[in-house]
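Notes follow the structure.
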Amino acid sequence: MSHTLHPLRRQRLQRSELAVPASNPTMVEKAADSAADYVFLDLEDAVAPPEKEQARRNAIQALNDIDWAAKGKTVSVRINGLDTHYMYRDVVDVMEQAGDKVHTLLVPKVGVPADLYMVEAMVNQIEQGKGYQTRVGLEALIETALGMANVEDIARFGGRLEALHFGVADYAASMRARTVNIGGLNPNYPGDQWHASITRMVVACRAYGLRAVDGPFGDFSDPEGYKDGARRAAALGCEGKWAIHPSQIALANEVFSPPETEVTRARRIIEELRKAEAEGRGAAALDGKMIDAASERMAMNVITVADAIAARG
């Protein structure tokens, strides 16, 4: 193991992340009572320009009126991009009026670390000025060719950054990739055309202590397609996926929850290694297979998620 270590900056249960347009208060209320681990109130792509200001007011009201933590939710606000005139007012109004209620801000289309620096500086000043005792985290959407080209530098940014998300829709547009639907696979490609990009983002996340989250799957009439995409993302190291429709919440929770048999085996691995350690051995055998320190690290990943799910209730 290298002497340079970047432990996980913030553990949050993020199996399912429900995207909700803040322009629709009814949908926001339903999201609060859903089974999603995470909800982000969207001020960006899901909101038409004439509705931006009202959506911002709706988000602030929802943050103040709903006890998201009591409902077992992490609540985030996706602000508008830095290339728009909506962004600064999103940050100022949300932070000044509900900065002690929102858990994270999701920054779209991050291309360079300086994008995060700007948002972080604003958040720092507002928290200090308002005297908040809470600390709002930042999450970054990697959804452009520039963002993916700089993903390691973005992950290295530090500060309040907690997670990176793969925004497949805008990424496909930025790459001019041929695709059949948001997050879907092109049958002309021999495999998964998003594999390399997600892998690159996940490597950056794990190197620098960030959570890795897969983005949307647009065809909510295709649950098996959604689950296939979620399974591939989980296999690569993502710990959750967006849900753009309530029907996708249960699918994400299912895929990103370790099965009980896996949890039981993980706990047995820890037990057997502790016995081996007491006997002065660094490795052990379980069900005819060798286990060692690497097995323990993998087992603890499973146990951490299982414990977080149990704590959510």
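Contact check for His6 versus Arg206: no side-chain heavy atoms found under the 4.5 Å cut-off. Taking the side chain as every heavy atom from C-beta outward, Val203 and Thr199 approach each other to under 4.5 Å. You'll find the side chain of Phe256 stays beyond 4.5 Å of the side chain of Ser16, heavy atoms only. Between Val107 and Val110 the shortest side-chain heavy-atom distance falls below 4.5 Å. Within the 4.5 Å cutoff, no side-chain heavy atoms of Val75 are placed close to those of Lys73. Residues Lys109 and Leu141 have side chains not in contact (no heavy-atom distance under 4.5 Å, counting atoms from C-beta outward). The side-chain heavy atoms of Tyr86 and Pro49, taken from C-beta on, include a pair separated by under 4.5 Å. Considering only heavy atoms from C-beta on, Thr179 stays 4.5 Å or farther from Asn186 through its side chain.
Closest heavy-atom contact between Ile249 and Ala35: CG2-C, 3.6 Å. Annotation for Trp242 and Leu106: closest pair CZ2-CD2, 4.1 Å, computed over non-hydrogen atoms. Minimum interatomic distance between Gly147 and Ile154 (heavy atoms only, all atoms of both residues): O-CD1, 3.7 Å. Here the closest non-hydrogen pair linking Ala243 and Gln248 is CA-OE1, 3.5 Å. Nearest heavy atom pair, residue Ile244 against residue Pro216, reads CG2-CB, 3.6 Å. Across all non-hydrogen atoms, the minimal contact from Val91 to Ile126 is O-CD1, 4.0 Å.
For the atom pair NE2 (His245) and CZ (Phe220), the distance works out to 5.0 Å, reported to the nearest 0.5 Å. Atom NZ of Lys130 is separated from atom CD of Gln97 by 8.0 Å, given to the nearest 0.5 angstrom. Taking OG1 from Thr84 and NZ from Lys52, the interatomic distance works out to 7.0 Å, rounded to the nearest 0.5 Å. Atom CG in Leu164 sits 3.5 Å away from atom SG in Cys205 (nearest 0.5 Å). Put simply, CG on Leu138 and CD on Glu162 are 8.0 Å apart, with the number rounded to the nearest 0.5 Å. Going from atom CD of Glu260 over to atom CZ of Arg265 covers 14.5 Å, rounded to the nearest 0.5 Å.
Looking at Arg267, its side chain never comes within 3.5 Å of a backbone N or O of Glu262 through a donor-acceptor pair. Of the possible donor and acceptor atoms, none in the side chain of Thr74 sits under 3.5 Å from a partner among the backbone N and O of Tyr38. Panel note: side chain Arg281, backbone Ala283; a donor-acceptor pair is recorded below 3.5 Å. Arg89 places no side-chain N or O within donor-acceptor distance of the main-chain N or O of Asp93, the cut-off being under 3.5 Å. In this structure, the side chain of Arg160 engages the main chain of Val136 through a donor-acceptor pair within 3.5 Å. Remark: the backbone N or O of Asp170 is not paired with any side-chain donor or acceptor of Ser174 at under 3.5 angstrom. Remark: side-chain polar atoms of Trp68 are not paired, donor with acceptor, to backbone N or O of Val102 under 3.5 angstrom. In this structure a side-chain-to-backbone donor-acceptor pair under 3.5 Å is present from Ser76 to Thr104. The backbone N or O of Ser197 lies less than 3.5 Å from no partner atom in the side chain of Tyr171, so there is not a single donor-acceptor pair. Side-chain atoms of Asp222 come within 3.5 Å of backbone N or O of Gly225 as a donor-acceptor pair.
Taking hydrophobic clusters as Ile, Leu, Val, Met, Phe, Trp and Tyr residues chained together by side-chain heavy-atom distances below 4.5 Å, Leu286 does not share a cluster with Ile270. Hydrophobic clustering of Ile, Leu, Val, Met, Phe, Trp and Tyr side chains at less than 4.5 Å, counting indirect connections, unites Phe157 with Ile79. Both Ile60 and Met27 are part of a single hydrophobic cluster, where members link through side-chain heavy atoms under 4.5 Å apart. Hydrophobic clustering keeps Val255 apart from Leu13 (ILVMFWY residues linked when any side-chain heavy atoms are closer than 4.5 Å, directly or through intermediates). In the hydrophobic clustering of this structure, Ile182 groups with Ile142; members are Ile, Leu, Val, Met, Phe, Trp, Tyr whose side-chain heavy atoms approach within less than 4.5 Å, directly or through other members.
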message = Go through it in stages, so that I can follow the logic: the residues are Ser34 and Leu18, the test is side-chain contact (heavy atoms from CB on, under 4.5 Å), and I'd like the CA-CA distance, side-chain angles, deciding distance and then a yes or no.
response = CA-CA 9 Å; Ser34 72; Leu18 181 60; 3.9 Å; yes
task = List the steps, then state whether salt bridge (charged side-chain N to carboxylate O under 4.0 Å, His left out) holds for Arg56 with Glu53.
result = CA-CA 5 Å; Arg56 188 187 301 133; Glu53 293 187 8; 5.3 Å; no
request  = I would like to know whether Val92 and Met122 meet side-chain contact (heavy atoms from CB on, under 4.5 Å); could you show each step before the answer?
outcome  = CA-CA 8 Å; Val92 171; Met122 295 174 69; 3.9 Å; yes
ask   = Step by step, would you call His195 with Tyr189 a side-chain contact (heavy atoms from CB on, under 4.5 Å)?
value = CA-CA 11 Å; His195 177 103; Tyr189 188 89; over 6 Å; no
query = So Arg232 and Leu185, side-chain contact (heavy atoms from CB on, under 4.5 Å) or not? Walk me through it.
reply = CA-CA 12 Å; Arg232 289 192 298 271; Leu185 301 182; 3.5 Å; yes
query = What do the steps show when you test Gln54 against Asn58 for side-chain hydrogen bond (donor to acceptor under 3.5 Å, both in side chains), and what is the final call?
reply = CA-CA 6 Å; Gln54 184 60 52; Asn58 293 346; 2.8 Å; yes
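Between Asp287 and Arg268, at least one side-chain N (NZ, or NE/NH1/NH2) sits under 4.0 Å from a carboxylate O, which counts as a salt bridge. Using a cut-off of 4.0 Å between Lys/Arg side-chain N and Asp/Glu carboxylate O, Glu277 and Arg274 are scored as salt-bridged. Salt bridge Arg15/Glu239: absent, no basic N to carboxylate O contact under 4.0 Å. A salt bridge does not link Arg135 with Asp100: none of the charged nitrogens is closer than 4.0 Å to a carboxylate oxygen.
A cation-pi arrangement, defined by a distance under 6.0 Å to the six-membered ring centre and an angle within 45 degrees of its axis, is present between Lys241 and Tyr226.
More than 12 heavy atoms of other residues, nucleotides or ligands lie within 6.0 Å of CD in Gln193, so this atom counts as buried by the packing criterion. When the shell of 6.0 Å around CD of Gln133 is examined, it contains 12 or fewer heavy atoms from other residues, nucleotides or ligands.
Checking Asp90 against Asn80 by side-chain atom types alone, a donor-acceptor pair falls below 3.5 Å.
Of the candidates Arg78, Arg10, Arg211, Glu139 forms a salt bridge (Lys or Arg N to Asp or Glu O under 4.0 Å) with just one, namely Arg211.
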